[in-house]
Colleague: 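Provided herewith is a single structure, encoded as structure tokens, for subsequent inquiry.
Values reported hereafter were calculated over all heavy atoms of this structure, with side chains retained and with hydrogens, waters and symmetry mates removed. This is a predicted model, so every value here is computed, not measured.
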Amino acid sequence: MKKEFREKAKSLVDSMTLEEAASQIRYDSPAIERLGIPAYNWWNEGLHGLARAGTATVFPQAIALAAMFDKDMLEKIGDVIATEARAKYNESRKLEDRDLYKGITMWSPNVNIFRDARWGRGQETYGEDPYLTGRLGVAFIKGLQGAGKYMKAAACAKHYAVHSGPEAIRHGFDAIVNEKDIEETYTPAFYDAIKEADVAGVMGAYNRVNGEPACASSELVQQRLRKDWGFDGYFVSDFMALMDIHETHHVTSNVYETCALALKATCDVNAGIAYQSMMEAYDQGLVTEEEIREAAISAYTIRAALGMFDDDCEYDKIGLEAIDTDESAELSYKASVNSTVLLKNDGILPLNKDAIKSVAVIGPTATSIMVLEGNYNGTSSRYVTNLEGIRRTVNPGTRVLYSEGSHLFESKVQNLAFDDDRLSEAEMCAKAADVVILYVGLDSTIEGEQGDTGNAFAGGDKTSLYLLEPQRKLVERVISTGKPVILVCNTGSAMDLSLENEKCNAVIQSWYSGQAGGQAVADIIFGNAVPGGKLPVTFYKDGTQPPMEDYSMKGRTYRYFEGETLYPFGYGLSYSSFEYYDLSVTEKGAIVTVKNTGTVKADEIAELYIDKLPEEKLQNGKNTDVNDLESLLDPANQPKYSLAGFERVTLEPGEFKVVNFEFKDRTFDTVLENGQRTVLKGDYKIYVGGQQPDKRSTELTGNTCLEGKISL
């Protein structure tokens, strides 16, 4: 943070009594009337749109935004969220509404790694890859915070660190993880957020990490975050996470000891109630006045950087007219299109509207608004459901037949009916139509955060990667009619769609698709738009992942998984085709030419991967500065290859563009077993193409990556 903001903060905190200062490190900071300081609630959400405060632009869920592989788009979306947050904040202040979700400290983005497809909150992340997560997180944070004198809104990278389920036991769970996985997988996106985006805040996680509570960890917070990385923003606990320290982790004996442990670990703001006891902890000699005031200064530095104590903040005049605009709606629609991933197409898509006289729209997500929203969402005034999207898109006179088909997860729709009470209706609609569009999936009542899920089976996590049983019955019944079937899946996570992939003519992954999601999918189905999303997660076959409680990366994500996948990370089809040629690689980056060899204008995502284990084998550790290298490097415990660059380009038919990939500072680092980074000397393989360089991607696309080599 800028020096001037810290000085402003120190001046204000110095003028407070100690009790007043202690009150300002609570998320629900009360007013200090004698100083003219109003109450402020730190808790606001902006994961994929301004959340939980009424009307806002609802973008596709974060996992869908990741499927765009588009840094520029993420920054634009972050800017819209900040604008709407400012508008709501400015207007609410005028009415003395100081409630939660009305502030400009956004507890977003979630840059945890989606290491297990069963994790309900994985939908909030940017996927399974540290590089992709880091690049998109940096872009989103820059969009939220802006580049003005003051921050437009304060971003917060969460949940630090080593956090990705299980939800049901998160409040007492100890994530045991080695130093290599911490450094290589679980923390790089946080590092990027701090070093490249100057993120204002970092939020801790509920769980312990190697025995230490994540919100009060000497290793993760004091050493790595503050000392090693130089983070000078504010650290905030997850909601009620500090109470877990003594109630479920049993690391401390009471709330006063918890206050001391967290404050000494530089947890500046408490979301919850623990810090209401801070003065009692002080009276017992467990914390010092200096520690309390330092936390308050850290918190007030952020408030100063947001312009809360000045009259010349450039964002103070943003008003209600900036919320839910036509421009932001168009951006949301574009994000919905660009995030949609075409997983299978036997040639049926795009449908010819003129040749289709009747369409059967079937499935429990066809009319659902929840599958447009995901979790941590706002409320849109412009929802277009999947069914409505089809109705708006087909030609006048085309008959649209609709059946719910099944409940999302219950055995029947009507309580007094027999089981499977909508299957016969689904069958009759399918038989009467030229083509079936079958909408299936989940919603935030099935997968999400523990406590936020109304009908969760495992605290918000999935117990299986298959569609739920009523929907599996529906899929089989519709397929049995012999009619062409286009399956659209609305989920926030990877599913085992083996049967659907085998039997359906086309499969589309639509995620939780945003306020215009139904229109976007309809436009793709009927050729008004071209799919261009790629998977930010691996789609596995059910039963192939390690136990969810195991935080080792062995057997997880495309970098370490050795089995056969259904759909690989980085995979997605288009209505066009692309050719890659003229690959050139240097120590600074790579250049490749991409040409649209198809017949329609389309986006392509160029992907670059590096095998970080040189082909030239190590010789007695003499090629690095690491002592006893061979004992610290296990070649069998290194990634097969890792994403190290991506660019999204738009190409007309026959058009080509030169794509430049710039290598980051740590691009060629190898992380050893003790967590140390080093650059090994030798020849590195570089792969560039529209997919990762795996066998399954080649089977699905018929394409292979270009290969290059660089010697270091």
Colleague: Counting only N and O atoms by type, is there a donor-acceptor contact under 3.5 Å from the side chain of D694 to the main-chain atoms of S697?
Modeller: yes

Colleague: Only counting residues at least two apart or in another chain, list the ones meeting side chain to side chain contact (heavy atoms under 4.5 Å, CB included) with S406.
Modeller: P364, P470, Q471, L474

Colleague: Roughly how far, to the nearest 0.5 Å, is the CD atom of Q692 from the CG atom of D129?
Modeller: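 Result: 10.0 Å between the selected atoms.
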
Colleague: May I ask you to decide if Y558's main-chain N or O and K640's side chain share a donor-acceptor pair within less than 3.5 Å?
Modeller: yes

Colleague: Indicate whether any N or O donor in one side chain lies under 3.5 Å from an N or O acceptor in the other, for R559 and T185.
Modeller: yes

Colleague: Could you check whether D420 pairs with K473 (Lys NZ or Arg NE/NH1/NH2 to Asp/Glu carboxylate O, under 4.0 Å)?
Modeller: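 Answer for the salt bridge query: yes.
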
Colleague: Are K158 and E45 close enough for a salt bridge, meaning some N to O gap below 4.0 Å?
Modeller: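 Counted as a salt bridge, because a side-chain N and a carboxylate O are separated by less than 4.0 Å.
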
Colleague: Test of understanding: with side chain to side chain contact (heavy atoms under 4.5 Å, CB included), list the residues that count as partners of V384, not counting sequence neighbours.
Modeller: E388, R392, Q519

Colleague: Between R477 and E427, is there a salt bridge with N-O shorter than 4.0 Å?
Modeller: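 Here E427 pairs with R477 in a salt bridge, since their nearest N and O are under 4.0 Å apart.
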
Colleague: Is it true that the side chains of S411 and D419 contain a donor and an acceptor less than 3.5 Å apart?
Modeller: yes

Colleague: Any donor-acceptor pair under 3.5 Å linking the side-chain atoms of S577 with those of T597?
Modeller: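 Result is yes, a qualifying pair exists.
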
Colleague: Going by atom types only, do S493 and Q123 share a side-chain donor-acceptor pair under 3.5 Å?
Modeller: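 Looking only at side-chain atoms, Q123 and S493 do not form any donor-acceptor pair under 3.5 Å.
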
Colleague: Quick check for you: to the nearest 0.5 Å, what is the distance between L651 atom CG and K601 atom NZ?
Modeller: 10.0 Å

Colleague: Is there a donor-acceptor contact under 3.5 Å linking the side chains of S576 and N596?
Modeller: yes

Colleague: Quick one: list whatever passes ring-ring contact (aromatic ring centres under 6.0 Å, His included) with Y540, sequence neighbours left out.
Modeller: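 Y540 satisfies ring-ring contact (aromatic ring centres under 6.0 Å, His included) with F561 once adjacent residues are dropped.
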
Colleague: Assess whether side-chain contact (heavy atoms from CB on, under 4.5 Å) is satisfied between L408 and I446, documenting all intermediate values.
Modeller: CA-CA 9 Å; L408 197 68; I446 304 299; 3.9 Å; yes

Colleague: On a heavy-atom basis, which atom in S403 and which in E425 lie closest, and how many Å separate them?
Modeller: OG-OE1, 2.7 Å

Colleague: Not counting sequence neighbours, list each pair that qualifies as a salt bridge (charged side-chain N to carboxylate O under 4.0 Å, His left out) and has a residue in residues 532-554.
Modeller: K534-E604, K534-E607, K541-E564

Colleague: Applying side chain to side chain contact (heavy atoms under 4.5 Å, CB included), can you list everything that pairs with A360, at least two apart in sequence or on another chain?
Modeller: I362, C429, A433, V436

Colleague: Hey, which of N110, I81, N377 is the one that makes side-chain contact (heavy atoms from CB on, under 4.5 Å) with L47?
Modeller: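 Among the candidates, only N110 passes.
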
Colleague: Residues in ring-ring contact (aromatic ring centres under 6.0 Å, His included) with Y101, at least two apart?
Modeller: W43

Colleague: List the steps, then state whether salt bridge (Lys or Arg N to Asp or Glu O under 4.0 Å) holds for R472 with E469.
Modeller: CA-CA 5 Å; R472 295 202 300 273; E469 184 178 3; 5.1 Å; no

Colleague: For K412, does the NZ atom have more than 12 heavy-atom neighbours from other residues, nucleotides or ligands under 6.0 Å away?
Modeller: yes

Colleague: Is the backbone of P166 close enough, under 3.5 Å, to the side chain of D461 for a donor and an acceptor to pair up by distance?
Modeller: no

Colleague: Could you grab the distance from atom OH of Y567 to atom CG of L535, nearest 0.5 Å is fine?
Modeller: 9.0 Å

Colleague: Using only heavy-atom distances, determine whether the side chains of Q515 and Y333 contain a donor-acceptor pair under 3.5 Å.
Modeller: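 Not at all, the side chains of Q515 and Y333 share no donor-acceptor pair under 3.5 Å.
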
Colleague: Using the side chain to side chain contact (heavy atoms under 4.5 Å, CB included) criterion, which residues pair with L706? Sequence neighbours excluded.
Modeller: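 Only Y580, L583, V592 meet the side chain to side chain contact (heavy atoms under 4.5 Å, CB included) criterion with L706.
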
Colleague: Once side-chain hydrogen bond (donor to acceptor under 3.5 Å, both in side chains) is applied, what residue pairs with a partner in residues 351-360 remain, sequence neighbours excluded?
Modeller: D354-N395

Colleague: Side chains of Y575 and N345 only: does a donor on one sit below 3.5 Å from an acceptor on the other?
Modeller: no

Colleague: Would you check, one step at a time, whether the test side-chain hydrogen bond (donor to acceptor under 3.5 Å, both in side chains) holds for E128 with T538?
Modeller: CA-CA 8 Å; E128 70 183 41; T538 301; 2.9 Å; yes

Colleague: Partners of Y186 by ring-ring contact (aromatic ring centres under 6.0 Å, His included), sequence neighbours excluded?
Modeller: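 Y186 satisfies ring-ring contact (aromatic ring centres under 6.0 Å, His included) with Y551 once adjacent residues are dropped.
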
Colleague: How would you list all residue pairs meeting salt bridge (charged side-chain N to carboxylate O under 4.0 Å, His left out) that involve residues 325-345, not counting sequence neighbours?
Modeller: D326-R382

Colleague: Step by step, work out the side-chain hydrogen bond (donor to acceptor under 3.5 Å, both in side chains) result for N375 and E124.
Modeller: CA-CA 8 Å; N375 70 350; E124 302 173 27; 3.0 Å; yes

Colleague: Identify each donor-acceptor pair in which a side-chain atom of residues 507-514 lies under 3.5 Å from a protein atom, sequence neighbours left out, and give them as a table.
Modeller:
residue	atom	partner	partner atom	Å
Q509	NE2	T491	OG1	2.9
W511	NE1	S339	O	3.0
Y512	OH	D443	N	3.3
Y512	OH	E447	OE2	2.7

Colleague: Salt bridge (Lys or Arg N to Asp or Glu O under 4.0 Å) for R121 and E449? Distances and angles first, verdict last.
Modeller: CA-CA 6 Å; R121 296 193 74 179; E449 183 175 7; 3.1 Å; yes

Colleague: Would you please say whether a donor-acceptor pair under 3.5 Å links the side chains of D324 and S381?
Modeller: yes

Colleague: Nearest 0.5 Å please: distance from the CZ atom of R556 over to the CZ atom of R115.
Modeller: 4.5 Å

Colleague: Taking the ring centre of each residue, are F409 and H407 less than 6.0 Å apart?
Modeller: yes

Colleague: Could you go through D116 and R118, starting from their C-alpha distance and side-chain angles, then the distance that decides it, and tell me whether this counts as salt bridge (Lys or Arg N to Asp or Glu O under 4.0 Å)?
Modeller: CA-CA 5 Å; D116 192 302; R118 293 163 292 193; 2.7 Å; yes

Colleague: Shortest non-hydrogen contact from S328 to V80?
Modeller: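 Taking S328 first and V80 second, the nearest heavy atoms are CB-CG1, 3.8 Å.
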
Colleague: Between T133 and N112, is any pair of side-chain heavy atoms under 4.5 Å apart?
Modeller: no

Colleague: What residues, two or more places apart in sequence or in another chain, satisfy ring-ring contact (aromatic ring centres under 6.0 Å, His included) together with H163?
Modeller: W119, H159

Colleague: I'd like to know if the side chain of K503 reaches the main chain of I479, judged simply by a donor and an acceptor atom lying under 3.5 Å from each other, with no hydrogens or angles considered.
Modeller: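 No, K503 side chain to I479 backbone: no donor-acceptor pair under 3.5 Å.
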
Colleague: Within 45° of the axis and under 6.0 Å from the centre of the six-membered ring of Y376, does NZ or CZ of R52 qualify?
Modeller: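 Here R52 passes the 6.0 Å and 45° test against Y376.
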
Colleague: Checking the side chain of K462 only, and the main-chain atoms of A494 only, is there a donor and an acceptor separated by less than 3.5 Å?
Modeller: yes

Colleague: Hey, do the aromatic rings of Y687 and Y609 have their centres closer than 6.0 Å?
Modeller: no

